[in-house]
Amino acid sequence: MINVLRLETTLCGLSWFVYKKRFAAMASAEPQPRFGQSVKGLLSDKVGSCSGDVIALTRQVLKGSRSQELLGQAARNMVIQEDAILHSEDSLRKMSIITTHLQYQQEAIQKNVEHSKNLQDQLRHLLK
């Protein structure tokens, strides 16, 4: 019996498809001992095969569960980063406004310095 296990990953979640080839034919037919084997031997082989399939399926489910955890964690980290980016953008906008106000203040100070130089020159000229 050939068991094929395929995991199909979609954007919304995980969909599992398990294909069993020749399973219907094997299940309907009565177990007949092969040459040199008893019915118990065939049954233990069948149980071993099925348990291997269950183990493989469990591993795939665990791997899918871990993938979902990682995707959730990545989404949370992305939201945190988005908040940090928005906060940084707001801070940059405020710093731009402050820079503009500082430039206006610098220009006003430069004008006052020029006026004070003119006043000093006038005072010197009057005192002479």
Under 4.5 Å between side-chain heavy atoms, chaining through other members, with only Ile, Leu, Val, Met, Phe, Trp and Tyr counted: pull out the rest of the cluster around [X], sorted by chain and number.
X	result
I98	L102
I80	none
I109	V113

Residues passing the side-chain hydrogen bond (donor to acceptor under 3.5 Å, both in side chains) test with Q105, sequence neighbours excluded, are none
Sorted by chain and number, sequence neighbours left out, side-chain hydrogen bond (donor to acceptor under 3.5 Å, both in side chains) with R76 holds for none
Contacts satisfying salt bridge (charged side-chain N to carboxylate O under 4.0 Å, His left out) that involve residues 101-110 (not counting sequence neighbours) are none
Quick note, salt bridge (charged side-chain N to carboxylate O under 4.0 Å, His left out) partners involving residues 115-124, not counting sequence neighbours, are D121-R124
How long is the gap from [atom1] on [X] to [atom2] on [Y], to the nearest 0.5 Å?
X	Y	atom1	atom2	result
H125	L127	NE2	CG	11.0 Å
L92	H87	CG	NE2	10.0 Å
R59	L57	CZ	CG	11.5 Å

**Request:** Decide yes or no on side-chain contact (heavy atoms from CB on, under 4.5 Å) for Q120 and L123, but give the supporting numbers first.
**Result:** CA-CA 5 Å; Q120 285 177 356; L123 278 175; 5.7 Å; no
Contacts of E82 meeting salt bridge (Lys or Arg N to Asp or Glu O under 4.0 Å) (sequence neighbours excluded), chain-then-number -> none
Residues which pass side-chain contact (heavy atoms from CB on, under 4.5 Å) with [X], listed by chain and number, not counting sequence neighbours:
X	value
T58	V54, L62
E69	S65, R66
D90	R93, K94

Margin query: Test your reading of the model: is there a side-chain donor-acceptor pair from S49 to the backbone of D45, 3.5 Å cut-off?
Written below: no
